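Report on one structure; see the data block that follows.
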Amino acid sequence: MSIDIKPMESDDEIRGKAYVHWKAWQEAYAGLVDQAYLENLTLEKCTDIAFRWPDNLLVAKDGQKVVGFVGYGTCGDDALPETGEIFSIYILQEYYDKKIGYALMSAAVEKLSAYKKIAVWVLEGNRRAIKFYERYGFRFDGTRKQIMLGTENVEVRMILDVDDI
């Protein structure tokens, strides 16, 4: 298996990213997020999102198949000036434990090289994701926010000090 990490460019890649978004939510968030919300998050909705916001996305491809993606950019929190942010990172479950998440994260961190710190928000209770971020070097900064995903959920913020990588 040879995985290629590249900017998302073609309509096929955008559709592949949409599928990963939809499928990864079904796989990763079952039991963490309201089931009705997950059922309402359709592939069609994810496709619409993917075509509306195609910028700052890298995809991981196994041949022609998109198996993961990462979204990145400037942190939108005014309390964190000069900070980059990982907005999303998802991999199909069948590709877990193959270092694809690490490759995607490293490529996004490289794209954010102008920043000394990078933020990521993670759903409280998402142990797999938290463990991944911690292994990469992210640390909790104590910031929490409530979000609605059908029901109330909590996200916690983690920060990577790029000098510590």
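FYI, side chains are in, hydrogens and waters are out, and symmetry mates aren't considered; it's all heavy atoms of this structure. Just so we're clear, the structure is a prediction, and the values are computed from it rather than from any experiment.
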Backbone N/O of Phe87 and side chain of Trp121: donor-acceptor pair under 3.5 Å: no
Polar side-chain atom of Glu124 near backbone of Asn153 as donor-acceptor pair, under 3.5 Å: no
Any donor-acceptor N or O pair under 3.5 Å, side chains Asn40, Lys45: yes
Worked check of salt bridge (charged side-chain N to carboxylate O under 4.0 Å, His left out) between Asp4 and Lys61: CA-CA 5 Å; Asp4 183 31; Lys61 294 180 75 177; over 6 Å; no
Check: Leu123 main-chain N/O paired with Glu155 side-chain donor or acceptor under 3.5 Å: no
By side-chain contact (heavy atoms from CB on, under 4.5 Å) - contacts of Tyr115 (at least two apart): Thr74, Leu112
Quiz item: cation-pi between Lys17 and Phe69, 6.0 Å / 45°: yes
Side-chain H-bond candidate by donor/acceptor type, Ser10 with Asp12, under 3.5 Å: no
Going by atom type alone, with no hydrogens or angles, which donor-acceptor pairs under 3.5 Å involve a side-chain atom of residues 129-137 and a protein atom two or more places apart or on another chain?
from, atom 1, to, atom 2, distance (Å)
Tyr136, OH, Ser106, OG, 3.0

Stepwise salt bridge (charged side-chain N to carboxylate O under 4.0 Å, His left out) test for Lys117 and Asp163: CA-CA 8 Å; Lys117 294 188 183 296; Asp163 292 335; over 6 Å; no
Side-chain donor/acceptor of Asp34 to backbone N/O of Tyr37, under 3.5 Å: yes
Arg144 with Glu152: basic N within carboxylate O range, under 4.0 Å: no
Under-4.0 Å salt bridge between Arg139 and Asp161: no
With Asp11 via side-chain contact (heavy atoms from CB on, under 4.5 Å) - residues at least two apart: Ile14, Arg15, Phe51
Donor-acceptor under 3.5 Å (Lys116 side chain, Val162 main chain): no
